[in-house]
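Not measured: the values here are computed from a predicted model. Read the numbers this way: they start at 1 and go in the same order the structure lists the ligands and their atoms.
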Amino acid sequence: MRMTSVLRKLLGIKHLVVRNARAEDGELVVEVRPSWRVARCSRCHRRVWTVYDHQELRRWRHLDFGAFCVQLEYRPRRVPCPCCGVVVEQMPWSDEPRSQFTMDFEDQVTYLSQRVDKSSIEQLMRIAWRTVGRIVERVVAKRRPADPLENLEYIGVDELSYRKQHHYVTVVVDHRNQRVVWGGEGKSAESLLAFFEQLGPERCKAIKVVTMDMSAAFIKAVREAAPDAQIVFDRFHVQQLVSQAVEKVRREQWGRLRHIDGPAAKALKNTRWALLRNPWNLTPSDEDKLSAIQVHNKGLYRAYLLKESFAAIIDRLQPNVVRRMLLDWLSWASRSRLVPFARVARTIRKHLDDIVAYVRCRLTNGLVEGFNNKARLATRRAFGFHSAQAVLAMIMLCCSGLHLAPVAKRLSR
Ligand SMILES: [Zn+2]
């Protein structure tokens, strides 16, 4: 086999001819050309028989051969395409006229960005971090599903904080395809309205369910842009409000009793987790503490019972039963003489329909929060993340269902 044929096989790029190769300062420079003689327009791919002129000699970085950087070298022609005007010809190794890298190189960098940290990519691929950012943007734009906002019916919205909790992005997920479909800056009603605007009035009408935390801004946006959609409050978020009420009652009682030395104060010591844990996670010592509270602190024990019965109600399967039981629960909570519970009862009564809606569709915001954790992990792992755009690019790279394969795997198929 001739050396040029071996090189062509090693490069693994279709429609490419190797003309020559030479070693130069630790780099392998391979002179190449497209296998087609007649140049093609890089925009519409039609063949153009005349050549307008030649550009300067250019190089494209390809995947390394061992310790050697591989550079492809070629003088691209410019062609007068009848449709597109004078454009650079199509090249089989690159589809982005501004890029100094081959497509395989860019795919490899993007694949790595989904998985490993910044400095490893810099060292392994021998490129600067800023270059990685630009490559990722190009590949994500190219590989994304044509229109992720098509056929949305069940969506979830949530906010994600970055840069030490002071900055936010709003994220929309598709429950059916389990992926992030949209992201925007901020966490206000306007942030979410920007999503609905992009969706357009027709597709807004098709939205059936929106899951969310009890965020006033998001509620406002959904009521305004998609009034027919059913809002579903995240079950765990509602449960958390009730648990917080228990904790408030405990603190109140502790503030009142800790100066008095007696069994009532003693019963309250270190009871926070015993009160908040699910019944199936209670340790024997938790159970002793709860028994002591039952004897010495009726108010706090009532708070505990309220919390447990709320969880039991919301886990039931029949929406009508849940609504009836919740109404009973609400009047119990309002009459409980526990201020935090009276307050929670008011909130729950106000949003009763949207809470009961959970029982019907059983969707929670867990998916959104899972993505948030994934994106947050990626933030910490890799990127400097100073702009919302960078955060959103990373979220889209990791959570929008983009399947990338390492180049080696693709070639072996
Ligand atoms: Zn053209």
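Put simply, the side chain of Asp64 never gets that close to the backbone of Ala67: no donor and acceptor are under 3.5 Å apart. No donor-acceptor pair closer than 3.5 Å links the side chain of Trp329 to the backbone N or O of Ser309.
Centroid-to-centroid, the aromatic rings of His62 and Trp93 stay 6.0 Å apart or farther.
Protein atoms that are N, O or S and lie under 2.8 Å from the Zn ion (ligand 1) are these: Cys41 SG, Cys44 SG, Cys81 SG, Cys84 SG.
In this structure Asp315 satisfies the salt bridge (charged side-chain N to carboxylate O under 4.0 Å, His left out) test together with Arg235, sequence neighbours excluded.
Under a cutoff of 6.0 Å and an axis angle of 45°, Arg40 and Trp36 form a cation-pi pair.
Ring-plane geometry between Tyr74 and Trp60 is classed as tilted, the angle between the planes lying from 30 to 60 degrees on a 0 to 90 degree scale.
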